[in-house]
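Note: hydrogens, waters and symmetry copies are ignored here, and every other heavy atom, side chains too, is used. Lettering follows sequence order; numbering is per chain, from 1. Quick caveat, the model's predicted, so the values are computed rather than measured.
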Amino acid sequence: MRLRRLTLQNFRNIAMAELSFAGRQQFFVGPNGQGKTNLLEAVGFVTALRSFRTADTRLLLAQGQREAAIACDFEHEVQGATKLVIRLHGEGKEVACDGERVTRLADHLGRFPTVVFSSQDQQLIRGAPALRRRWLDLTLAGTDPVYLHGLQNYHRALAGRNQLLKRQAATAELAAFEQPLGAAAAALVAARRRGVAALAPHVAAGYAQISAGAETADITYAEDSAPGDGDAAAWHAHFARTRARDLQFRGTMSGPHRDDIDLRVGARAARDFGSEGQQRSLVLALRLAQVSHVRECTGIEPVLLADDVLGELDPTRRRRFWAALGEARQVLATGTELPDAELGAWDVFRVAGGGFAAEAGP
Amino acid sequence: MTPAFEKLQQALKQLPGVGYRSAERMALHLLVEKPAQLPALVAALESAARTVRRCSRCGNLAEGELCNLCEDARRDGAVVCVVEHVPDLVAMERSGAYRGVYHVLHGRLSPIQGVGPADINFAALEARVRSGEVRELILALSNDVEGEATCHFITQHLAAETAAGGAPIKVSRIGFGLPSGGGVLYADAVTLKSALDGRRDYV
């Protein structure tokens, strides 16, 4: 997929911008606070109709404005030339694809993939398990509506059981909600295990390309609890068994919502033993694996959004990372300084005060 | 606007599916544009409020003690289809495919919305089953987490009961899958998965 034209209106600090992208890589350069990340945020929004920075859509409207718009012209592997228009207002969002209104999120998800590389990404390794689960869930749900549905079912059943635990409800009512919860837990864990197994070779390959070191990277799914055969009946029995304890804690203390993803470099936990450089390489490898996974599942090459990541890498890693991206993908990158000439020819845009000025090509 | 008008608009706004603007339109229509319709509406409301109530057996709309379905001697009173709401019953009836009777729960278990077994029409179903009049239960509840939990709750409570004569009660849940006349192509992924999971032997 290639983004050929981007029009933004009243999006954060960007009052109006109309940009055309001829080449494969675009670089947005300028001091901090001028609108570079806002532009990437707008492009990233098309994927799942959510921002990678905030859950509150209202924050995306320019101050004092009631409506914002994102319009994209794509060259698309599956759909050919496609025009996507998204309107944001206080109450929600409207999406039109080639003039036709999109009414179901499930119809939209996965059709316009982007992958964000952000300077915040190291939290994936250092932060809480919830961040890693979220990364996995977004990666898998982005290509698989059945996964998204299963994940929503699990959280709905979990919210039901937790509410009953809080209220110290009768056994029969709890048991009734443990039935769908058990089925959803079994399906979710199985899908996540399959997903991690599919991602693992991509992570290892990406890491090897970037680090060129002797050690290897590995990711595995780490279950908080793994009852019996892990089927619906085993999970159902697990929740029945833990009911008395959970009633005391007034919440479901075990299950897939407590699972984690083990990230290892050279067979040691990356979070505890990885050097700064190893962690940086691993996090890029995770994002690259996401890119490969999307292409494998959908046949669509995602657009890469690199938010201020190039500047943080040492020259060797930067060169290797760039080589790992391959020749096929479009990259939109930001930074406070222009990248080295060795990273190829860029369409350069100077960013100032929410405005974008294309620089004449070389 | 006058205080009485605003009071009417507020009352209309409480109705399901009616917002502030629609309520205003309805109130204007009734009071100013077509006031001739008003007495008929008031009379219909009063008469319905006086006569319409829940069927004491199944929870369907009724004007007497029992609804017309429960009173219909041609229907099989031993087969009971459990639905969430009256419109679900109406939809089943429209299909014309069902000759048993119904039980309307007027809701389903939903802890998040604070709905428990005492808040739905479940005790009456339990009483019907305990009386031995029921041979078969067909659960026609929605295909989601709350629907499934409610099915499980009903089954747990009533599966051990027997029909008059001592035979165990048969409990089934309606199938989920492709709409009739609909091809595989236009079904969404989640529906297709439902249809696959619910596939049957074909001979």
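Between A:E94 and A:R87, no side-chain nitrogen of the basic residue sits less than 4.0 Å from a carboxylate oxygen of the acidic one, so the salt-bridge criterion is not met. Using a cutoff of 4.0 Å between basic side-chain nitrogens and carboxylate oxygens, A:R193 and A:E223 are scored as salt-bridged.
Between B:Y102 and B:Y98, the two ring planes are perpendicular [angle over 60°; tilted spans 30° to 60°]. Relative ring orientation between A:H108 and A:F112 is described as tilted, the plane-to-plane angle lying within the 30° to 60° band.
The candidate from A:Q163, A:R156, A:H149 with the greatest count of non-hydrogen atom pairs under 4.5 Å with chain B is A:R156. Taking A:A172, A:A157, A:A184, A:G150 one by one and counting their heavy-atom pairs under 4.5 Å with chain B, the maximum is reached by A:A172.
For residues 72-85 of chain B, a heavy-atom distance under 4.5 Å to chain A picks out no residue at all.
For the atom pair CG (A:N153) and CG (A:L158), the distance works out to 12.0 Å, reported to the nearest 0.5 Å. Between atom CG of residue A:L105 and atom CG of residue A:L148 there is a gap of 7.0 Å, rounded to the nearest 0.5 Å. To the nearest 0.5 Å, the span separating CZ on A:R133 from CG on A:L188 amounts to 10.0 Å.
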